[in-house]
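Below: the structure, in structure tokens.
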Amino acid sequence: MPASVLVPTDGTASVATMTSDTQDHTAKSATYPPPERLVNPEGREKPWVSSMAEYEALYNESIQQPTKFWTRTANELLTWDKPFTHVSLGSLKEGNMAWFPDGQLNVSYNCVDRWAIQDPSRVAFIYEADEPGNATTVTYGQLLAQVCSLANVLRSFGLRKGDTVAIYMPMIPEAAVAMLACARLGLVHTVVFAGFSASSLAERVADARSRVVITADEGLRGSRTIRIKAIVDEALKSCPEVERVLVFRRTGNETVEFTAPRDVWWHEAVAAQRPYCPPVPVSAEDPLFLLYTSGSTGKPKGVVHTSGGYLLGAALTLKYVFDIHDGDIFCCTADIGWITGHSYVVYGPLALGSTSVVFESVPTYPDASRYWKLVEDHKITQFYTAPTAIRALRRHGDDFVNKCDLSSLRVIGSVGEPINPDAWTWYSEVVGGGRCAVVDTYWQTETGSHVITPLPGATLAKPGSATFPFFGVELAILDPTTGAELEGNDVSGVLAIKRPWPSMARTIAGDHKRFLETYLSPYPGYYFAGDGASRDSDGYYWIRGRVDDVINVAGHRLSTAEVESALICHHAVAESAVVGAPDEVSGQSICAFVTLKDGFEANDTLKAELVKEVRTRIGPIATPKTLILVDELPKTRSGKIIRRILRKVVAGEGDQLGDLSTLSDPSIVDVLIREVSTAI
Ligand code: 6R9
């Protein structure tokens, strides 16, 4: 049996459920060639890759002559303090991968100094604040001074290479400054999304052993105030090892608590520092950051990314997948608390010396034109967002898009979950006006950068397919049960990658064994992505969603076990089972089934309390959309909860439950179907 992850708690491989619509809309689906404005760029430079033949030539080189390919790209895109003489070491079998191991570089030098030296007035960030009409810019010259001053502050705290710093900040340029200041000194940052609760933050701060937290007084999103510092204060009650909290003043609310000497105001601290700090060269394999992500079990994993390979992956993918040229204005709407924000708001754009938009607000504030107004105002050339936002905005109608001038756009991207073909088509036709290439980019926190993606000037797109592997990524589809590689086209199974690539995660902080068990041991010799996939008769890849107990709500990864553990913390709860329910806007939503301890009465007040418990323990992103109090959960005779049945029932497929003989009490199914139909 290759993968315990495939046979989760209920003993059923979930791959069968994901192949139901595999064959219908794949090979025969509509195709979209690269748009005219990329093929004939009229006065602009040609796309970096402008035909499938060019893509294939580069791809084949990356696989057949990896040393040549990676030496060239790593020297073209990065500046090394000490050149590497060797491209890679190690294997997926051993889990000991290393890239450019004897090379040294500094990530902040690569992202900031190189461009500030060339032209300090070049714009690094356009900051679109929450309140519309408040955009400001940060030039590379200003960024260098800010990063250096802050690095000197961090040094004055006694931090040294290898120490970790937690960053819990709103979407403001200072969040990127904080990341780059860490990188300048070889400190390892761990950004925690500012929507996570105090206890989630505390868990991450403690796991990463951070002694310093960088935060802000408050955040603003869609005119709502988020009391960020108050959440940090709450979290730190259980993190006595934190010595310093550096607080950026975002709103200036005077009532924010401040505990000197632990708390230090950012503006006061940087004012006392010299705005230059020499970059510390680090090994390409020194860690750049940890980023926590949800796995199949409750405890989040601190995925470790290194300096050289990660930066190369972010820069190379951004250059080719979004076809970045001089003068482009790139906008990725992801929060820096997620990997997409790391790679495509901060590291990728800056490593290319490009201009990146930092968007603090939400897509519907003040109305559903916000994104499109943003494109118009800043003449954005490449725009990158998530299917959940695309679906939500589409519901508001085309007028919100059509009233804005989107003619600057060339490439529009999607990330985070599978995009349904009709949302893809709307994005292409209404937002892209039929003039833009759509890139549906598949990747993960662990992959660091895109692994399956179209190239805008080359790929014949099929809506809903992430198309083909990026350079250096050798894909395989495996039989989930035997682990055998399924050769040829028209196959479905689990997605795996056959060889290491530079931006892949190297380990899980403090738990290399878990790294091996999660990604490398399930199918020895392969990286196991945790997603189901198929390859159609034309060789296109279609991602079918997770095959483990991870659910994807509005592009955010959550583990069902994590939500279950939060529910069980409430004194009235006996047991809980959480599944993802299909949701038109967010892709999936959280549906929780709960049984109560004796003596507790099922009522709406209690339900509200349980929902609150989850929000407090994990954060608002984990709010169950549906919470159903039941007398009993479906279980096997040996007492294991069968989540497969719950998944089917909430998907309205109660008539396709398959074999129920393992159920200890089959009569429970009708009760569940009835309860779900009244609740949803
Ligand atoms: C970048 C990011 C990773 C999981 C991944 C998969 C899903 C991401 C996708 C996609 C289909 C795409 N996913 N992009 N599924 N098509 N284009 O989202 O990282 O938060 O770690 O999530 O998201 O299930 O395994 P992360």
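Start at 1 and go down the list; that is how both ligands and their atoms are numbered. Positions are given from 1 along the sequence.
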- Under a 4.0 Å N-O cut-off, is there an ion pair linking E485 with K498? yes
- Message: Before you tell me yes or no, could you show the steps for F193 and M169 under side chain to side chain contact (heavy atoms under 4.5 Å, CB included), namely the whole-Å CA-CA distance, both residues' side-chain angles and the distance that decides it to 0.1 Å?
- Response: CA-CA 7 Å; F193 173 58; M169 290 191 88; over 6 Å; no
- Item | Whether H305 and F289 hold their rings parallel, tilted or perpendicular, with breakpoints at 30° and 60° | tilted
- Item | Pocket residues of ligand 1, ordered first by chain and then by residue number (heavy-atom cut-off under 4.0 Å) | I339, T340, V415, G416, E417, P418, D440, T441, Y442, W443, Q444, T445, D531, I543, R546, N552, R557
- Query: D536 and Y541: side-chain donor and acceptor closer than 3.5 Å?
  - Reply: no
- Going by the angle between their ring planes, with limits at 30° and 60°, are Y519 and Y527 parallel, tilted or perpendicular? parallel
- Item | Cation-pi geometry met for R204 and F196 (6.0 Å, 45°) | yes
